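Read the structure below first, then the notes.
Just so you know, these numbers use all the heavy atoms, side chains as well, and skip hydrogens, waters and symmetry mates. Only a predicted model underlies this, so the values are computations on that prediction, with no experimental measurement involved. The chains referred to below are lettered A, B, ... by the order of the sequence lines, with proteins before strands, and numbering in each begins at 1.
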Amino acid sequence: MSLSSRHLLGLYNVPKEDIQLILDTAVTFREVMERPIKKVPTLQGKTIVNLFFENSTRTRISFELAQKRLSADTVNFSTSTSSTKKGETFKDTVKNIEAMKVDMIVVRHQSAGVPKFLTQFSDANIINAGDGQHEHPTQALLDMYSIREKLGKLAGLKVCIVGDIAHSRVARSNIYGLKAMGAEVSVCGPTTMIPRGIENMGVKIYNRIDDAIKNSDVLNVLRIQLERKAGTSIPSLREYHNFFGVTEERLAKKEGEILILHPGPINRGVEISSEVADGPNQVILNQVANGVAIRMAVLYLLGTQN
Amino acid sequence: MKILLKNVSLLNPDQKLDKKADLLIENGKISEIGSIELDEKDGKVFDLEGNYCVPGLFDMHVHLREPGREDEETIETGSNSAAAGGFTGIACMPNTDPAIDSAEIVRYIIEKASHHLVDVYPIGAVSNERKGETLAPLLELSKAGAVAFSDDGVAVKTSDLLRSALEYLKMVDAPLIEHCEDEALADGVMNEGAVSTELGVPGLPSVSEDLIVMRDVLMAEYVGGKVHIAHISTKNSVEIVRSAKLKGIKVTAEVTPHHFTLVDESLRSYDTNLRMNPPLRTQEDVDAMIEGLKDGAIDVIASDHAPHSLEEKEYEFIYAPNGILGLETQLGITLSELYHKKHLSLAEIVDKLSVNPRKILGLPVPQIKVGEIANLTVFNPDEIWTVDVKKFLSKSKNTPFDKKLLTGKPTLTINNGQMFSQGKFESIV
């Protein structure tokens, strides 16, 4: 079994079989992570560059750990400023790195479309670790893994993504992935955070968090970015919490179980209360652990093709 | 020197001319129209069966980049590109560095272009340094040769500056050309809608354009000045212009070939050559552009020729500059998309590409008459060709139309005693 593409640019148009294969492969690696020696020789001799043009701690560490546990040689390139601002074009930067003969590139960038652009002039396997507001496929895969781990399936589940959908790459990848796996997907947030035309992606929209909770098996609660256009898309974090925060009281009204995911980092008291963030329904730290396994699976499947 | 254009269809809606004949040019002037014979040794004879000879085409929205970005385009290379595209006249936008906000720069451009086949008419800035704060010396600019005024790249910043500019320009009867975009809504880099949402690219809402079109139309009505809407791109904006015209408000509008052919769906490739401002809109908007061209809501087809260096177009999508080349593909796209698809007749196309832009700018329309200077474009509406960016005379290469098959191509461009044919300029005096 192998993936139908050489790259993981996003989950848009990725066939169900590929997602299934990644999730199933991750189960094996999740098991490896519980061993005393967490390292396998699978990618020995492969060179991987982590190209991070945007600040990231958790995703970068997760990828790096995954690479090390697969015995790959890894190099990190991190900068928070775009190469264009240094008078060097992005293409030159990447070609320089490419000239050093790398097998895989993991890339995060502020601009949507950068991973796809990379495939035009690099022979390496490209893995998208987040491009602008476009996609963050490994995050969505680990979210799906965590749901499946807890609830045993994805098909038929009702999953609601809550928060600033307009600016979220996590939301887009989750929508594509979950829909491919047969889940029903909805989004919930203030109208200013729901982008135009989102219904074309086949999702339902809730503007009341109580409705979202009532009608969902899973809530994936997104971080509200404090710095983003404060005062124009929402009046204040207090108001956001009062109307959209996921709290114990709100969950208590729900008949039946609900699973809470959060891609982190958490703003306690904003999008989620501390009680819920540490409560029995959440799988937030499982997501972090599963993230390493998912990234191992993706790296393994792409790195050992042919 | 004598040039004989044989068996050519003479077409000029401005003089109600539409007949097939031979046309003789002697030393740059039209000397005879009728049935004419010329021996090859006495001059050049072109058999132009199937071709049309029209008043030289005019593009009223061109960025020449000189002064300031001569690495991207110069007055010379931009004019060469215009001639290659069949244009004998262009108006160039003031967003140069420095901006065209002094008589000195207007004169510099006119002087540098004076030897060329292509007539170059500078458009002056509305405000000093295009900053939207204080009026540029509009009368001085006009006296030096500026034919219109614009802060293109951005809209005139405030309503009071717009009002002043329109009042003031009444003294020279020149139009204010507006780039319609409300800057408070201008964070995005592609049309806002279902596609931008899917692609995760910040969107530019169509209402950002509509608001400024509406503002300017109301101001033109109140003040009585002339407003020309540059690169119109939304369905609502066309509707606003259409109803303004019915009320007798002096507003005109232009559309670019890319806005009546391409849609935001094409951005799925993240090709930076599809990044422009206004952005590519939806099919509904494209249909509205064609409707506007047909019923006269839109007066002019203009290219918004915007050269950018290869390096800059290789920036990441959100950092790449806006704009594409247009001069060398404009006629071909217009004929392919509007004439061959039966939206416009050739006479209507000549209106949009030659007669109307000159009238809006207060310039005389070249006449196809004995004794007149030969300011002519000859084109073959049926010639099929493939766009090859390597053959462009522009200094830049940023076009999304490379390798595109087009039907309709300029054959000869003639003006100022010069002729451009088969890739070469030559003197005909």
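One N or O on the side chain of A/Arg172 and one on the backbone of B/Thr197 form a donor-acceptor pair closer than 3.5 Å.
No more than 12 heavy atoms of other residues, nucleotides or ligands shown are found within 6.0 angstrom of CD on B/Glu284. Within a 6.0 Å sphere centred on CZ of A/Arg60, other residues, nucleotides and ligands contribute more than 12 heavy atoms. Around the CG atom of A/Asn200, the shell of radius 6.0 Å holds more than 12 heavy atoms that belong to other residues, nucleotides or ligands. Annotation: A/Lys158, atom NZ; neighbour count of heavy atoms from other residues, nucleotides and ligands within 6.0 Å does not exceed 12. The environment of B/Lys235 atom NZ is sparse: at most 12 non-hydrogen atoms of other residues, nucleotides or ligands sit within 6.0 angstrom.
No close placement of the B/Phe317 and A/His134 rings is indicated, their centers lying 6.0 Å or farther apart.
In this structure, the separation between CZ on A/Arg196 and OG on B/Ser196 is 9.0 Å, given to the nearest 0.5 Å. B/Tyr315 OH to A/Lys91 NZ: the interatomic distance, rounded to the nearest 0.5 Å, is 13.5 Å. Rounding to the nearest 0.5 angstrom, the gap separating the CD atom in B/Glu316 from the CG atom in A/Asp131 is 11.5 Å.
Among all heavy-atom pairs drawn from B/Leu199 and A/Ala112, the shortest one is O-CB, 3.5 Å. Closest approach of A/Ser111 to B/Ile318, counting heavy atoms only: OG-N, 3.0 Å.
For a residue to count as touching a neighbouring chain, one of its non-hydrogen atoms must lie under 4.5 Å from one of that chain's; by this rule B/Ser269 touches chain A with the backbone only.
Contact count versus chain A (heavy atoms, under 4.5 Å) is highest, among B/Glu198, B/Glu192, B/Arg268, for B/Glu198.
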